[in-house]
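Every heavy atom of this structure was used, including side-chain atoms; hydrogens, water molecules and symmetry mates were not. Naming convention: chains lettered A, B, ... in sequence-line order (proteins, then strands); numbering from 1 in each chain.
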There are 2 protein chains.
Amino acid sequence: MEECCTNGSLKLQKLIALSEYLKIISDANRLQILCLLKNGEHCVCNIHGALGLPQNLTSHHLKALRDAGLVTWRRDGKWVHYSLNTDRISYLTKLFEQVILGGDCGDQSIRAGMCQLQKA
Amino acid sequence: MEECCTNGSLKLQKLIALSEYLKIISDANRLQILCLLKNGEHCVCNIHGALGLPQNLTSHHLKALRDAGLVTWRRDGKWVHYSLNTDRISYLTKLFEQVILGGDCGDQSIRAGMCQLQKA
DNA sequence: CAATCATATCAATTATTATTGATATGATAT
DNA sequence: ATATCATATCAATAATAATTGATATGATTG
């Protein structure tokens, strides 16, 4: 049976995957980048201009988003344009719903309202 | 007009609030705690037992979740039982949807596909 | 009230991440 | 080819957060 808190269970794998994504998007600067990209693709210069971040820091955060697969990019002459990877955003959203909102933990070994130690 | 990337805008405030929540739940241990609490309230002993975490570390993470308002607790003799604050979870979910999925950035000063620097 | 149990707090350490400054790369224009 | 522009990378530092060990608190039991 699929369990929440058991080593190696599918639910735990999903939970850890979600945790990794959330670490990436929980940075306010990166979240702003994602938000900005909702209205279409932008070059790095626009992104760091809009957010008031130094260029290298912007690149650094974009790399994190790229590595997580949350954005894609294309080169256009001197410029590089970034876009949302909407498929990956959807996947992240699905994971969020499954882990945070989805049914109960599934761990039958621990029942609500019945403290294990209370029995002893 | 409500903007994404402008100082003090409502969207930015929401974005920062979301960022704070995500920092709390992006820790795998805390995410496991939340997941475990989906099947009802649990005492600290069950939580640290189920996750295999030391008692003090579990308390530490529970404090973070409490401070963020994501869980509530009640004392029951020697035990303390924690539960999800489902209202707050719903609010977090709403924020997530608004910031991540909601309409575009709203920042008219920067238009998709048109690099500011390109004009110069 | 002394002992014990469940939980919380605190200080110290370790680990992780963000930020900065300097430099490299890859493209275009002169 | 050289200069310049846009972006990326790298090393160093600064800032944050997780973990540990020791101790405190609050409740219960004998």
For this session: List the steps, then state whether side-chain hydrogen bond (donor to acceptor under 3.5 Å, both in side chains) holds for A:Arg88 with A:Tyr21.
Result: CA-CA 10 Å; A:Arg88 193 59 67 93; A:Tyr21 281 119; 3.2 Å; yes

Problem set entry | Under 3.5 Å donor-acceptor pair, B:Gln55 side-chain atoms to C:dA6 base atoms |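 Such a pair does not exist between side chain and base.
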
[atom1] of [X] versus [atom2] of [N]: gap in Å, rounded?
X	N	atom1	atom2	result
B:Arg74	D:dG26	CZ	P	19 Å
B:Lys78	C:dT4	NZ	P	12 Å
B:Leu62	D:dT19	CG	C1'	15 Å
B:Asp67	D:dA17	CG	P	13 Å
B:His81	C:dT7	NE2	P	8 Å
B:Leu53	D:dT19	CG	P	7 Å
A:His48	D:dA8	NE2	C1'	13 Å
A:Lys63	D:dC10	NZ	C1'	12 Å

Do any side-chain nitrogens or oxygens of [X] fall under 4.0 Å of OP1 or OP2 in [N]?
X	N	answer
A:Arg66	D:dT7	no
B:Arg30	D:dA18	yes
B:Tyr82	C:dA8	yes
A:His61	C:dT17	no

For this session: With DNA chain C as reference, determine whether A:Lys23 or A:Arg75 sits nearer its 5' end, using the nearest nucleotide of each.
Result: A:Lys23

Problem set entry | Listed nucleotide nearest any side-chain atom of A:Leu57, set D:dT7, D:dT9, C:dT20 |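 The answer is C:dT20, which lies nearest to the side chain.
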
For [X], report the nucleic acid contact type (base, sugar-phosphate, nothing); a contact means any heavy atom under 4.0 Å.
X	result
A:His60	base
B:Asn29	sugar-phosphate
A:Asp27	sugar-phosphate

Exercise. Do A:Gln13 and A:Ser9 meet the criterion of a side-chain donor-acceptor pair at a distance under 3.5 Å?
Worked result: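 The criterion, which ignores hydrogens and geometry beyond distance, is not satisfied for A:Ser9 and A:Gln13.
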
Exercise. Are B:Glu20 and B:Lys23 within salt-bridge range, i.e. N to O under 4.0 Å?
Worked result: yes

Exercise. Would A:Ile25 and B:Phe96 satisfy side chain to side chain contact (heavy atoms under 4.5 Å, CB included), going step by step from the backbone distance to the final call?
Worked result: CA-CA 11 Å; A:Ile25 70 170; B:Phe96 184 93; 4.1 Å; yes

Exercise. Within the side chain of B:Arg66, is there an N or O that forms a donor-acceptor pair under 3.5 Å with the backbone of B:His61?
Worked result: no

